[in-house]
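For reference, the structure is listed below as structure tokens.
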2 protein chains.
Amino acid sequence: MQKSYCRNELLICEAAKRVFITHGLEGARMQDIADEAGMNKAMLHYYFRSKEKLFHIIFEKELENFFSNMKSILAGDASIQEKILRIIEEEMDSMLSNPRLPMFIFNELSRDPDHFLLKIHNSGAGETFNSFSRAIRQAGESGQIKPVHPEHLFLDMMSLIVYPFISRPVINAVLKINNQEFGEFIQERKRYISALILESLTREAYHHEQ
Amino acid sequence: MQKSYCRNELLICEAAKRVFITHGLEGARMQDIADEAGMNKAMLHYYFRSKEKLFHIIFEKELENFFSNMKSILAGDASIQEKILRIIEEEMDSMLSNPRLPMFIFNELSRDPDHFLLKIHNSGAGETFNSFSRAIRQAGESGQIKPVHPEHLFLDMMSLIVYPFISRPVINAVLKINNQEFGEFIQERKRYISALILESLTREAYHHEQ
DNA sequence: TTGTGGTTTAACCAGATGGTTTAATTTTCT
DNA sequence: AGAAAATTAAACCATCTGGTTAAACCACAA
């Protein structure tokens with residue numbers, strides 16, 4: 001599937017990624033991609049045939065990347081707590097290096113969700129969730145953490161990890177920070193999220209004061 | 001600013017909203033908006049002059065709606081716990097009635113964030129956050145909740161409330177549910193989020209077993 | 001040097017796009 | 001009823017868009 005690309009193909013893919021991430025499939029222009037790659041437009045067709053084909057190659061790769069990191073962390077031998085910490089740490093660092101990626105993926109997925117169903121399946125999202133689910137169930141049964149619904153915990157973690165990158169312009173405006181300060185805020189945020197999640201999973205139920 | 005619109009202006013705005021929410025500014029076509037409104041394209045220009053002007057009217061209104069609900073809840077007399085519960089409940093219900101809205105807003109904001117800075121300011125997002133901040137600080141000082149950083153709590157809540165709607169296609173695919181079942185999942189999710197947030201704010205520190 | 005295959009380029013194409021112009025039609029006012 | 005104002009519609013416009021075509025160019029082998 002991912003064959004070895006020649007130099008020009010790589011140049012085109014890199015340029016296309018930048019343009020598609022900013023403008024999406026509908027908004028991207030082949031002439032802009034050509035300009036970005038330093039070639040003429042006919043070259044894009046020579047190597048990739050159509051805008052749609054080029055887009056899907058980029059999109060599938062980025063979709064897979066989005067879900068693959070967590071899976072490798074889950075496959076390790078560490079404790080469940082350590083795995084959760086590593087997921088939060090590494091996923092957020094990954095997003096800091098390409099803050100536009102989540103928006104790109106979710107926006108394109110939402111335009112025609114049925115058409116992308118196979119792509120989501122192929123991306124490994126389901127397998128990643130299943131791995132997560134098994135790990136959380138085992139840890140609950142063996143008493144390492146409080147038994148919880150994996151779907152909800154998964155969604156807690158993804159929500160807390162990804163959303164700041166989706167809403168970055170609003171966060172920057174509301175907190176009156178720039179993009180570098182956003183990065184520093186995210187480092188702080190990692191610690192906060194880690195504590196929130198791990199405390200919610202600690203085994204004894206808390207006694208309310210009411 | 002929001003003058004009284006005649007019948008045709010309302011028809012055009014409703015149609016434009018549907019098309020812009022699906023395709024965004026760059027992807028939307030004036031002919032599609034005209035078809036959706038049951039008019040010819042020249043009528044759009046007659047009433048709204050340009051695609052860009054029409055877009056900004058819609059966008060500003062939706063942006064303001066997105067942030068205004070929380071503010072009115074915060075202005076009430078209820079306890080901070082009750083307010084948090086109501087924010088989660090009502091914001092998620094609002095999003096269930098228009099699940100595409102968050103994606104639309106954040107995607108357009110991320111395309112050219114600097115240009116939208118004034119729009120974010122005018123939307124009341126900053127005021128909403130300030131209200132939230134004051135309420136959380138007061139509740140912390142008066143001992144109703146554990147003292148926390150408002151920025152992080154605000155982001156926790158927004159993350160947990162909004163993200164499921166951003167990632168709905170992935171959630172549906174991974175959990176193997178359809179959009180109606182997604183709605184049911186969200187009802188369950190409300191309870192889960194409410195518990196997570198309120199427990200994290202409860203006053204006594206939990207004693208770890210380590 | 002010539003022929004071949006592969007790559008690169010400029011010109012071209014049909015249709016789409018946002019917007020304008022002008023005439024026809026409808027509504028409102030006197 | 002007639003005139004003026006407002007609205008609606010069709011035709012038009014310049015430019016953009018994804019994609020195609022054919023020629024020019026390049027590298028390599030015989």
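On a predicted model such as this, the values are computed, not experimentally measured, just so you know. A, B, ... follow the sequence lines: proteins, then strands. Residue 1 opens every chain.
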The criterion is side-chain contact (heavy atoms from CB on, under 4.5 Å); which residues satisfy it with B/S167, sequence neighbours excluded? A/F106, B/Y163, B/I171
Parallel, tilted or perpendicular, as decided by the 30° and 60° cut-offs, for the rings of A/F116 and A/H56: tilted
Parallel, tilted or perpendicular: rings of B/H149 and B/H152 (30°, 60°): perpendicular
Determine the contact category for A/Y47: base if any of its heavy atoms lies under 4.0 Å from a base atom, sugar-phosphate if only primed atoms, P, OP1 or OP2 are that close, otherwise nothing. sugar-phosphate
Once you round to the nearest 0.5 Å, how far does CG of B/D156 lie from CD1 of B/I197? 5.0 Å
Within the modelled atom types, does a donor on one side and an acceptor on the other bring the side chain of B/K41 and the base of C/dG18 under 3.5 Å apart? yes
Side-chain N or O of [X] versus OP1/OP2 of [N]: is the shortest distance under 4.0 Å?
{"X": "A/Y46", "N": "C/dT9", "result": "no"}
{"X": "A/N40", "N": "C/dT9", "result": "yes"}
{"X": "A/N8", "N": "C/dT8", "result": "yes"}

Whole-Å distance between C/dT7 P and A/I12 CD1? 11 Å
Of A/S159, A/P99, A/P102, which is the lone residue that meets side chain to side chain contact (heavy atoms under 4.5 Å, CB included) with A/I166? A/P102
Check every nucleotide of DNA chain D for an atom under 4.0 Å from a heavy-atom of chain A, then give the first and the last such nucleotide from 5' to 3'. D/dT17 to D/dT20
Under 3.5 Å, is there a donor-acceptor pair between the side chain of A/K51 and the main chain of A/A28? yes
Criterion ring-ring contact (aromatic ring centres under 6.0 Å, His included) against A/F104, the qualifying member of A/F165, A/F66, A/F59: A/F59
For DNA chain D, what residues of residues 24-38 of chain B have any heavy atom nearer than 4.0 Å? none
